[in-house]
Protein chains: 2
Amino acid sequence: MAKKKTSQKEKCCDPSDVTLPGDDTAEDLAKLAWAVAHPARVRIVRLLIGRKACVCGEIVDEITLAQSTVSQHLKILKESGLIQGEVDGPRVCYCINRDKLKMLKKLIAGLK
Amino acid sequence: MAKKKTSQKEKCCDPSDVTLPGDDTAEDLAKLAWAVAHPARVRIVRLLIGRKACVCGEIVDEITLAQSTVSQHLKILKESGLIQGEVDGPRVCYCINRDKLKMLKKLIAGLK
DNA sequence: AACGTTTATCGTCGATATACGATAGAATGT
DNA sequence: ACATTCTATCGTATATCGACGATAAACGTT
């Protein structure tokens, strides 16, 4: 599929060779962005950030979704590394992983 | 689904009423995050940022995906508002919407 | 041991994402 | 007019998301 540069018209595109910035972080960024790519997960993240400490099943009360659905979102967030869950007796306390959050911010801010 | 606060054990969670930060932007953030929630789209965005100008079918050459697939990703990015496409003769030049990018950065940076 | 509470997982369903090839549309050049 | 090039769209197949209810698993309490 790759071939000649065509005439190029010089109208708007200027195809001087550009070296892509390290693609290695594309996956990381996509993964973290994916974690907050759903309104419910954004709310959960904000909720957890709001309380510096972690929260438990109250998330279910705050988010207007079924408990199982919230649990799934929490799982996705956990898999992204953005949040961490710690078992505390019968309940589980979640809290933000500040490092991952920082990394997300850094990667997004680095889009330039 | 909302009911009593239970005993609460005071172990790790501290359920002082917390007012959620404006939920209104949750959708916006989710939508923009979604746009960059795929490695290919991250690469495209970075590519477009790299060249301050816009690019055309070269994106297809840079991204190792079929032309139709790239076109779909471009459509998603366009729908998110992160990029804009401008017809230039037979080809289409894409460029970053700096405002939207700024908004994404702002929303992500605002996670605190 | 039995119960209640809390959370995770399972099974299901519809909707959507993602990938591709094939095709259609638009614009230019011969 | 015709061929060429570039891009978008269609059609299709597969995988995953997102939602729910139902159930299981873990823990504390009685």
Side-chain angles (χ1 to χ4, degrees), chain A residues 1-13 15 26-27 30-31 33-44 54-80 83-95, chain B residues 1-13 15 26-27 30-31 33-44 54-80 83-95:
Chain A
M1 273 179 177
K3 53 235 85 50
K4 74 299 202 37
K5 269 353 176 24
T6 76
S7 46
Q8 261 308 136
K9 205 61 167 296
E10 231 59 35
K11 182 74 161 300
C12 111
C13 306
E27 307 258 350
K31 191 174 174 183
W34 166 253
V36 289
H38 190 288
R41 292 198 289 271
V42 172
R43 290 190 209 103
I44 293 174
C54 43
V55 204
C56 328
E58 288 186 314
I59 299 174
V60 176
D61 295 337
E62 296 285 352
I63 311 293
T64 61
L65 289 172
Q67 178 267 325
S68 57
T69 306
V70 172
S71 194
Q72 274 190 139
H73 285 303
L74 288 170
K75 188 180 180 182
I76 291 175
L77 285 168
K78 208 163 40 176
E79 283 171 354
S80 79
I83 73 174
Q84 292 170 322
E86 185 185 338
V87 177
D88 171 37
R91 44 198 135 241
V92 177
C93 288
Y94 286 96
C95 54
Chain B
M1 275 173 178
K3 55 235 86 49
K4 71 309 201 29
K5 276 314 150 74
T6 76
S7 46
Q8 261 309 133
K9 204 64 168 291
E10 230 63 34
K11 182 74 160 299
C12 110
C13 307
E27 308 259 348
K31 190 175 176 182
W34 165 254
V36 291
H38 190 287
R41 293 199 288 273
V42 172
R43 289 190 208 102
I44 292 174
C54 42
V55 204
C56 327
E58 288 185 314
I59 300 174
V60 177
D61 295 336
E62 296 285 353
I63 311 293
T64 60
L65 289 171
Q67 178 267 325
S68 57
T69 306
V70 172
S71 195
Q72 275 192 138
H73 283 304
L74 288 171
K75 188 180 180 183
I76 290 174
L77 284 169
K78 209 162 40 175
E79 284 172 353
S80 78
I83 73 174
Q84 292 169 320
E86 184 186 338
V87 177
D88 171 36
R91 44 198 137 244
V92 178
C93 288
Y94 287 97
C95 54

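Each chain gets a letter, A, B and so on, in the order the sequences are listed, and its residues count up from 1.
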> Who are the side chain to side chain contact (heavy atoms under 4.5 Å, CB included) partners of B/A37, not counting sequence neighbours?
A/A33, A/W34, A/A37, B/W34
> Under the side chain to side chain contact (heavy atoms under 4.5 Å, CB included) test, which residues partner A/S80, sequence neighbours left out?
A/A35, A/L82
> Quick one: the dot-bracket string of DNA chain C, using Watson-Crick and G-U wobble pairs with both distances under 3.5 Å, [ ] for crossing pairs and | for bases paired to another strand.
||||||||||||||||||||||||||||||
> Whole Å only: how far is the CH2 atom of A/W34 from the P atom of C/dA17?
9 Å
> Would you mind reading off the distance between A/E79 atom CD and D/dG18 atom C1', rounded to a whole angstrom?
14 Å
> Minimum heavy-atom separation for B/V36 to B/V42, with atom names?
O-CG2, 3.2 Å
> Quick one: pull up NE2 in A/H38 and CD1 in A/I44 and give me the separation to the nearest 0.5 Å.
9.5 Å
> Quickly work out the A/K31 NZ to C/dA17 C1' distance and round it to whole Å.
19 Å
> What residues in residues 69-78 of chain A put a non-hydrogen atom under 4.0 Å from any atom of DNA chain D?
A/T69, A/Q72, A/H73, A/I76
> Could I get the full list of side chain to side chain contact (heavy atoms under 4.5 Å, CB included) partners for B/K78, not counting sequence neighbours?
B/I83, B/Y94
> From C-beta outward on B/S68, which listed nucleotide comes closest to its side chain: C/dT18, C/dT5, D/dT9?
D/dT9
> I need the CD-C1' distance between B/E86 and D/dA8, as an integer number of Å.
17 Å
> Assuming nearest nucleotide by heavy-atom distance, tell me which of A/A40 and A/V87 is located more 5' along DNA chain D.
A/A40
> Once rounded to the nearest 0.5 Å, what's the spacing between atom OG of A/S71 and atom CG of A/L65?
12.0 Å
> Among D/dA8, D/dA22, D/dC27, find the nucleotide with the atom closest to the side chain of A/P90.
D/dC27
> Figure out the CD/P separation between B/Q67 and D/dA8, and round it to whole Å.
7 Å
> Is the shortest side-chain N/O distance from A/H38 to OP1 or OP2 of D/dA19 below 4.0 Å?
yes
> Nearest whole Å is fine: how far is D/dT7 P from B/I83 CD1?
12 Å
> Residues in side chain to side chain contact (heavy atoms under 4.5 Å, CB included) with A/S68, at least two apart?
A/A66
> On a heavy-atom basis, which atom in B/K31 and which in B/E79 lie closest, and how many Å separate them?
CE-O, 3.9 Å
> Would A/R43 and B/E27 count as a side-chain contact (heavy atoms from CB on, under 4.5 Å) if you check the C-alpha gap in whole Å, the side-chain angles of each, and the deciding distance to 0.1 Å?
CA-CA 9 Å; A/R43 290 190 209 103; B/E27 308 259 348; 3.9 Å; yes
> How close or far is atom C1' of D/dT16 from atom CZ of A/R41, stated in whole angstroms?
12 Å
> May I ask you to verify if any side-chain N or O of B/R91 is less than 4.0 angstrom from the OP1 or OP2 atom of C/dA26?
no
